[in-house]
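Presented below is the structure to which this report refers.
Order of appearance sets the numbers: ligands from 1, and atoms from 1 within every ligand.
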Amino acid sequence: MHSRDLRQKFLDFFHKRGHAIIPSASLVPENDPSILFTTAGMHPLVPNLLGERHPLGKRLVNVQKCLRTSDIESIGDESHLTFFEMLGYWSLGDYFKKESIHFTFDFYTQVLGFKKDDITVSVFGGSPKAPFDQESYDTWKNEIGIPEERIYKYGEEENWWGLASGIGPCGPDTEMFIDTGQPSCSPDCGPACSCGKFVEIGNNVFMEYLKNADGTIEKLPQKSVDVGLGLERLAMFSQNKTSVFETDLFSGVMEKIKKLVQTKDEITRPSRIIADHIRAAVFAIADGVFPSNTDRGYVVRRLIRRAIRYGHLLGLRGFTVSLGREFIRIMDSIYPELKEKENSILSHLESEERKFGETINRGLGEFEKIVSGVKSRGGEIICGSEAFLLFQSYGFPLEMTMELARENQLTVDQEGFKREFEKHQNLSRTATVGMFKGGLAETSEMTTKYHTATHLLLAALREVLGPEIYQKGSNITAERLRFDFNWSEKLSGEQIKKIEDLVNQKIGENLDVEMTELPREEALKRVKVSFDPAKYGEVVKVYNIGGFSIEVCGGPHVKNTKELGHFKIIKEESVGAGIRRIKAILERSPKS
Ligand code: SER
């Protein structure tokens, strides 16, 4: 089914069932300074989910433009996107779980022709916050007829939905997945697994609760349903494609890229990144967000410049305008603002590519020099002033330098970058206010917290499992930490709890994080290190967290553990023989 028909049939299906059609809101949220972009159809409806009457009634439906950068690392696979369209429908204090599950299922099977046998679901399994969602479970099992083995029960980390800030309307959800038929990656493989076997195609959230800023939870005066289905993924399955990039929403652009590229190398991932990022930029510019160094504009700049960098890898020059034009052609009948703003969109793409095109090669040359410098001094970290030079003189967004650094097994001192940035701002008295607001500051503040939390986690693992635990890998984003360590068995629930409790205990002890610089040999006598000592520089930084954790590390870290919030392990899995992986998050306060 062509995406145009899919949107229309979705709207018709719910309109026939009493839902009023509302237009897509702008990608720039109105009256909500807490978020940069609209990331779900429910954003503009928050007041109504909290109980305010909607002028069009209790049943609503729409197709909403959304932009999320949280999945940026996954772009390049079959199904992730930064910009996407969400097919959404809502009951505001009208019908609840049972009816909405039937609606979603009927739409999948009656309109899209999906088979019941291909659908796997998950429901909320219960937590201290709220009980197991028996009603959804029973509806799927007894009324729809999904067999028990395809109804997964998960906890809050998978089946609880609320706004990214964590504050506001929220509740348990039931999620729907298509089993692609790929073999399972492990005996534990299920819809929560990221191996690609299961692709999420929708989410019915039962908004029954309100989370307050102080972390307390209360019942909302009305029970609402917030449903979101990803248009691109539905198009992928209904068009019998194996990736969203092969659907009519992308195919024209993917063909264009293929024609432009001369190389015989594998181009799938870079071309998908380019297509995704240019599409997101086109829509953001149409909604009035222009590339810049502040807030939303910075996100758009990052997306365009990252696309240009991947274009360079494929030998492409001067390509963003023609791809932008193609996206406008694909989408303008649905989103007339694209046609209206075509000149502005294309001229912003053109100017961004011209500016960055002039400096990228020299910048990459400078980056190479920086890498040799860091490696020759035995270090692992690109310092703040080096990253700032790349930003200031060559237009490299910090995140791009971080990505390049990762490709070279290095990291970047983000705090140092921030300090340089602020210093420069003071000196030049230019008001580049807000750059750190939504983009970097948050990222940098959160990643700093996760760095410190990682130290506490390693120390707790040593305490609970034994002193022979070492770090085998670590990856930190603004959303979570990921930590690999040597251990061959699955951790029991009890062990996980002990580890979490210990980390939280240390956070609660308000321990100062102290840093001392020591000659390497001196430090190695006192500290157990996870890596080949030769990899460290002559002088190393030793971070000591109240004597509980002592590690050699480049930082950055928080000053006191009280800044961290509440530590929670959201996943524990195997990533190869003898190596386990933990994913954990920091919450503002414990979810009760
Ligand atoms: N708000 C929910 C989501 O984004 C359902 O639309 O998944």
Side-chain angles (χ1 to χ4, degrees), residues 6-7 10-11 13-14 19 21-25 27 29 32 34-50 54 59-72 74 79-92 94-97 99-101 103-105 107-108 120-124 130 133 136 152 154 156-178 191-192 194 198-211 220 223-234 244 280 479:
L6 217 165
R7 284 188 204 88
F10 172 75
L11 294 173
F13 181 87
F14 284 95
H19 295 70
I21 300 177
I22 54 171
S24 172
L27 277 178
D32 189 351
S34 69
I35 46 166
L36 285 182
F37 290 101
T38 302
T39 59
M42 55 80 76
H43 272 304
L45 299 174
V46 170
N48 312 103
L49 291 164
L50 294 175
H54 192 284
R59 296 183 179 205
L60 304 174
V61 60
N62 88 346
V63 180
Q64 174 63 47
K65 302 181 277 191
C66 300
L67 204 160
R68 293 183 185 176
T69 48
S70 49
D71 287 331
I72 198 161
S74 308
S79 60
H80 283 91
L81 294 167
T82 52
F83 171 87
F84 63 100
E85 291 171 84
M86 189 182 277
L87 307 179
Y89 74 90
W90 294 271
S91 155
L92 303 169
D94 190 347
Y95 58 82
F96 204 42
K97 296 181 178 174
E99 295 81 342
S100 88
I101 289 176
F103 278 154
T104 301
F105 180 75
F107 175 68
Y108 286 152
T120 294
V121 301
S122 64
V123 300
F124 182 60
D133 185 357
S136 295
Y152 287 75
Y154 291 129
E156 279 169 34
E157 62 278 13
E158 304 293 344
N159 281 77
W160 187 273
W161 205 92
L163 294 166
S165 65
I167 298 160
C170 55
D173 69 20
T174 176
E175 301 188 7
M176 289 66 66
F177 304 82
I178 293 285
S194 55
F198 295 94
V199 176
E200 186 191 335
I201 49 163
N203 180 10
N204 288 27
V205 187
F206 305 118
M207 299 258 176
E208 212 185 327
Y209 299 93
L210 170 66
K211 177 143 180 203
L220 281 166
K223 292 180 178 177
S224 297
V225 185
D226 158 40
V227 179
L229 320 176
L231 169 78
E232 295 79 359
R233 294 179 181 184
L234 297 182
V244 292
E479 279 79 34

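Between G228 and ligand 1, an N or O atom pair is found at a separation short of 3.5 Å.
Ring centroids of Y95 and H19 are separated by less than 6.0 Å, placing the two rings close together. Between W160 and Y209, the ring center distance clears the sub-6.0 Å criterion.
Under 4.0 Å from ligand 1, not a single heavy atom of T39 appears. At a heavy-atom distance under 4.0 Å, only side-chain atoms of R68, from C-beta outward, approach ligand 1.
Between Y89 and F14, the ring planes lie parallel to each other; the angle is under 30°, not in the 30° to 60° tilted range.
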- Passes ring pair (Phe, Tyr, Trp, His ring centres under 6.0 Å), F96 versus F206? Steps please. CA-CA 7 Å; F96 204 42; F206 305 118; 5.6 Å; yes
- Query: Going through the distances and angles, do K223 and D94 end up as a salt bridge (Lys or Arg N to Asp or Glu O under 4.0 Å)?
  - Reply: CA-CA 7 Å; K223 292 180 178 177; D94 190 347; over 6 Å; no
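A donor-acceptor contact shorter than 3.5 Å is absent between the side chain of S136 and the backbone of D133.
Selection from W161, Y89, W90 by nearest heavy atom to atom 3 (C) of ligand 1 gives W161.
Of the protein's non-hydrogen atoms, N203 ND2, 2.9 Å is the one closest to atom 7 (O) of ligand 1. The protein non-hydrogen atom at the shortest distance from atom 2 (C) of ligand 1 is D226 OD2, 3.4 Å.
Less than 4.0 angstrom separates some heavy atom of M42 from each of these atoms of ligand 1: 1 (N).
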